[in-house]
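Worksheet: the structure to be examined is printed underneath.
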Amino acid sequence: VQLQASGGGLVQVGGSLRLSCAASGRTYSPYGMGWFRQGPGKEREFVAGISWNGGTINHADSVKGRFTISRDNVKKTVYLQMNNLKPEDTAVYYCAASDYKLGSRRSEYEYWGQGTLVTVSS
């Protein structure tokens, strides 16, 4: 599975962005899809994850109420709608996928995209 993330950019505090991540390389979607981020000088951290049918969704406490993950299995794409962005949201955002589970740890995902940079300016 190849993952292609897009949608990053420069936005002001309080603004919004929507990230997309398209999966390719086979006909069916992965079971779990998620977003992680890595800020300057920080470890990569879990942001949000969603199961194949959207029945299970998890968001990190730091983004609850501001970010929303969703997916479209026909398009084999997962989205991250980010509202009310803050400077601490500045990071490279990575999408990830797993054929087996929905998790919040990096080790639980087999496939990774290349990352897209989000910069929130004050």
Side-chain angles (χ1 to χ4, degrees):
V1 175
Q2 291 80 48
L3 301 175
Q4 181 69 44
S6 61
L10 176 64
V11 63
Q12 292 187 331
V13 169
S16 298
L17 281 175
R18 189 175 82 152
L19 305 183
S20 300
C21 177
S24 62
R26 64 187 192 198
T27 58
Y28 59 96
S29 291
Y31 176 80
M33 298 190 77
W35 289 96
F36 288 72
R37 67 184 182 185
Q38 187 165 12
K42 298 181 180 180
E43 296 289 321
R44 193 173 300 187
E45 64 177 359
F46 173 77
V47 176
I50 185 168
S51 62
W52 72 275
N53 63 351
T56 302
I57 293 176
N58 297 314
H59 292 89
D61 288 343
S62 59
V63 306
K64 279 181 181 176
R66 301 187 298 121
F67 291 11
T68 302
I69 190 171
S70 61
R71 67 188 287 173
D72 182 334
N73 286 334
V74 174
K75 296 181 179 180
K76 292 184 286 183
T77 299
V78 63
Y79 304 97
L80 186 68
Q81 178 66 44
M82 306 186 295
N83 299 327
N84 191 21
L85 283 159
K86 304 176 180 180
E88 52 264 42
D89 295 319
T90 294
V92 177
Y93 284 72
Y94 298 89
C95 62
S98 173
D99 286 330
Y100 306 105
K101 65 187 303 181
L102 174 64
S104 60
R105 293 177 289 186
R106 292 176 60 181
S107 60
E108 295 175 310
Y109 291 85
E110 303 92 76
Y111 310 107
W112 289 85
Q114 84 289 359
T116 185
L117 176 62
V118 172
T119 303
V120 184
S121 67
S122 54

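Here, residue 1 is the first one in the sequence, and each next residue gets the next number.
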Review point. Are Tyr79 and Val47 co-members of a hydrophobic cluster defined by side-chain heavy atoms under 4.5 Å apart?
Key: no
Exercise for review: Check Asp99, Asn73, Val78, Leu102 against Pro30 for a side-chain contact (heavy atoms from CB on, under 4.5 Å) and give me the one that passes.
Suggested key: Asp99
Review point. Which heavy-atom pair separates Thr116 from Ala5 by the least distance, and what is that distance?
Key: CG2-CB, 4.3 Å
Check your understanding: If only atom types and distance count, is the side chain of Lys76 paired as donor or acceptor with the main-chain N or O of Arg26 below 3.5 Å?
Key -> yes
Practice item. Could you tell me the separation between the CZ atom of Arg18 and the OG atom of Ser6, rounded to the nearest 0.5 Å? Key: 9.0 Å
Exercise for review: Can you measure from CD (Gln2) to OH (Tyr111) and round to the nearest 0.5 angstrom?
Suggested key: 9.5 Å
Revision key, fill the gap. Correct closest heavy-atom pair for Asp72 and Val74 would be OD1-N, 3.0 Å
Exercise for review: Look at Asp89 together with Lys86 and state whether they make a salt bridge at an N to O cut-off of under 4.0 Å.
Suggested key: no
Revision key, fill the gap. On a heavy-atom basis, the closest approach of Glu110 and Glu108 is OE2-O, 3.4 Å
Review point. Which atoms form the tightest heavy-atom contact between Val1 and Ala23, and what is the distance?
Key: CG1-CB, 4.1 Å
Review point. Is a side-chain N or O of Tyr109 found less than 3.5 angstrom from the main chain of Cys95, in a donor-acceptor match?
Key: no
Check your understanding: With the 4.5 Å side-chain cut-off for hydrophobic clustering, are Met82 and Val120 part of the same group?
Key -> yes
**Study point:** Value rounded to 0.5 Å, distance of CG in Asn84 from OG in Ser16
**Key:** 8.0 Å
Practice item. State, to 0.1 Å, how close Ala91 and Tyr93 come at their nearest heavy-atom pair, and which atoms those are. Key: O-CD1, 3.4 Å
Point to revise | Beyond-backbone contact of Ser62 with Arg37, side-chain heavy atoms, under 4.5 angstrom | key: yes
Check your understanding: Could Arg44 and Tyr94 be counted as a cation-pi pair, given that NZ or CZ must be under 6.0 Å from the ring centre and within 45° of the axis?
Key -> yes
Review point. Mind checking whether Trp112 and Val92 sit in one hydrophobic cluster, side chains of I, L, V, M, F, W, Y counted as touching below 4.5 Å?
Key: yes
Review point. Around atom CD of Glu43, are there more than 12 heavy atoms of other residues, nucleotides or ligands at under 6.0 Å?
Key: no
Review point. What heavy-atom pair brings Ala48 and His59 nearest, and what distance separates the two atoms?
Key: CB-CD2, 3.6 Å
**Study point:** Distance in Å, Gln4 CD paired with Thr77 OG1, rounded so as to fall on 0.5 Å steps
**Key:** 11.0 Å
Point to revise | Euclidean distance, Leu17 CG relative to Leu80 CG, rounded to 0.5 Å | key: 9.5 Å
**Study point:** CD on Gln81 to CD1 on Ile69, rounded to 0.5 Å
**Key:** 12.0 Å
**Study point:** Common cluster, Val63/Ile50, ILVMFWY with side-chain heavy-atom separation under 4.5 Å
**Key:** yes
Review point. More than 12 heavy atoms of other residues, nucleotides or ligands under 6.0 Å from CH2 of Trp52: is that the case?
Key: no
Review point. Applying the 4.5 Å side-chain criterion to the ILVMFWY set and letting contacts propagate, would Ile57 and Trp35 be lumped into a single cluster?
Key: yes
Review point. If you measure only the distance, is there a donor-acceptor pair under 3.5 Å linking the side chains of Ser51 and Asn53?
Key: yes
Review point. In terms of ring plane angle, is the pair Phe36 and Phe46 parallel, tilted or perpendicular, where the classes change at 30° and 60°?
Key: perpendicular
